[in-house]
Amino acid sequence: MNKKADSLLFTGWAASLIATLGSLFFSEVMKYEPCELCWYQRILMYPMVILLGVAYVRKDFKAALYSLILSGIGLAVSLYHYSLQKLSFLSEAAPSCGRVPCTGEYINWMGFITIPFLALSGFIIIFITSLLTLKAIKEDH
């Protein structure tokens, strides 16, 4: 068994679980209604809790390929969403994306930490751990 791949897979799963619980906290406890781009990020993040959890239990390290793809797409969506919030030339030209504007900031901790930034951080962690997991199992063979 590859201990490094095991730890990396667990870390990716933990990041997806924390991101999922965080988004549910903001919407269900704080009552922040998600915008359309937030929904896309959720669609990409939530399945990874199950995907990586099952992969970790079964020691199926090749499942990291699927989380790599999902997190890569999620990373791009989160980066775009964060850019809409923080880059004035994008936010001024941003189209309306439903009842809740994608440029809105429910939180803005320390002047840069917004909900899309938190999602971006989670997707980056999962992307890197997935990439390193695939590298670790390749070196093991």
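Everything numeric here is computed off the predicted structure, so don't read it as measured data.
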Trainee: CG of Leu24 to CE of Met30: how many Å apart, nearest 0.5 Å?
Mentor: 14.0 Å

Trainee: Please evaluate residues Ile113 and Asn108 with respect to the criterion side-chain contact (heavy atoms from CB on, under 4.5 Å), reporting the C-alpha separation (whole Å), side-chain torsions for both, the decisive distance (0.1 Å), and the verdict.
Mentor: CA-CA 5 Å; Ile113 299 173; Asn108 190 5; over 6 Å; no

Trainee: Check whether any side-chain heavy atom of Ile115 lies under 4.5 Å from a side-chain heavy atom of His81, and answer yes or no.
Mentor: no

Trainee: Check whether any side-chain N or O of Asp6 sits under 3.5 Å from a backbone N or O of Phe10 as a donor-acceptor pair, and report yes or no.
Mentor: no

Trainee: CG of Leu9 to NZ of Lys62: how many Å apart, nearest 0.5 Å?
Mentor: 14.0 Å

Trainee: Taking the six-membered ring of Phe61, is NZ or CZ of Lys59 closer than 6.0 Å to its centre and within 45° of its axis?
Mentor: no

Trainee: Looking only at heavy atoms, which two atoms of Cys35 and Val100 are closest? And how far apart?
Mentor: CB-O, 3.4 Å

Trainee: Side-chain contact, heavy-atom cut-off 4.5 Å: Ser23 with Tyr46?
Mentor: yes

Trainee: Taking atom CG of Leu8 and atom CG of Asn2, what is their separation to the nearest 0.5 Å?
Mentor: 8.5 Å

Trainee: Measuring from atom CG of Leu70 to atom CG of Leu65, what distance do you get when rounded to the nearest 0.5 angstrom?
Mentor: 10.0 Å

Trainee: Any heavy-atom pair between the side chains of Leu118 and Ile107 that's under 4.5 Å?
Mentor: yes

Trainee: Write down the atom of Ile125, the atom of Ala15, and the distance for their closest heavy-atom approach.
Mentor: CG2-CB, 3.6 Å

Trainee: Examine the side chains of Ser67 and Ser130 and answer whether a donor and an acceptor come within less than 3.5 Å of each other.
Mentor: yes

Trainee: How about Leu75 and Ile124: do any of their side-chain heavy atoms sit closer than 4.5 Å?
Mentor: yes

Trainee: So which pairs with a foot in residues 20-45 pass ring-ring contact (aromatic ring centres under 6.0 Å, His included), sequence neighbours left out?
Mentor: Phe26-Tyr32, Tyr32-Tyr106

Trainee: Can you find a heavy atom in the side chain of Phe123 that is under 4.5 Å from one in the side chain of Met48?
Mentor: yes

Trainee: What distance separates Ser7 OG from Leu132 CG, expressed to the nearest 0.5 Å?
Mentor: 12.0 Å

Trainee: Got a donor-acceptor contact below 3.5 angstrom from the Tyr82 side chain to the Phe112 backbone?
Mentor: yes

Trainee: Return the set of residues passing side-chain hydrogen bond (donor to acceptor under 3.5 Å, both in side chains) with Thr20 (not counting sequence neighbours), or none when no residue passes.
Mentor: none

Trainee: Quick one: closest heavy-atom pair of Ala63 and Leu51, and the distance?
Mentor: O-CD2, 4.3 Å

Trainee: With sequence neighbours excluded, give me every disulfide (SG to SG under 2.5 Å) pair touching residues 102-141.
Mentor: Cys97-Cys102

Trainee: Provide the closest heavy-atom pair for Ser83 versus Leu90 in the form atom of the first, atom of the second, distance.
Mentor: CB-CD1, 3.6 Å

Trainee: Quick check: do Thr133 and Leu68 have side-chain heavy atoms less than 4.5 Å from each other?
Mentor: no

Trainee: Given the rule that I, L, V, M, F, W and Y join up when any side-chain heavy atoms are under 4.5 Å apart, are Phe117 and Leu37 in one cluster?
Mentor: no

Trainee: With a 4.5 Å heavy-atom cut-off, do Asp60 and Val54 have their side chains touching?
Mentor: no

Trainee: Do the side chain of Trp13 and the main chain of Tyr56 share a donor and acceptor less than 3.5 angstrom apart?
Mentor: no

Trainee: For the atom pair CE (Met45) and CD1 (Ile18), what is the distance rounded to the nearest 0.5 Å?
Mentor: 10.5 Å

Trainee: What heavy-atom pair brings Ser16 and Leu52 nearest, and what distance separates the two atoms?
Mentor: OG-CD1, 4.3 Å

Trainee: For Thr114 and Glu105, does a side-chain donor sit closer than 3.5 Å to a side-chain acceptor?
Mentor: no

Trainee: Between Tyr66 and Val57, is there shared hydrophobic-cluster membership here, with clusters defined by ILVMFWY side-chain heavy atoms closer than 4.5 Å?
Mentor: no

Trainee: Looking just at side-chain N and O atoms, do Ser78 and Gln41 make a donor-acceptor pair shorter than 3.5 Å?
Mentor: yes

Trainee: Of all heavy-atom pairs between Ser91 and Leu84, which one has the smallest distance, and what is that distance?
Mentor: CB-O, 2.8 Å

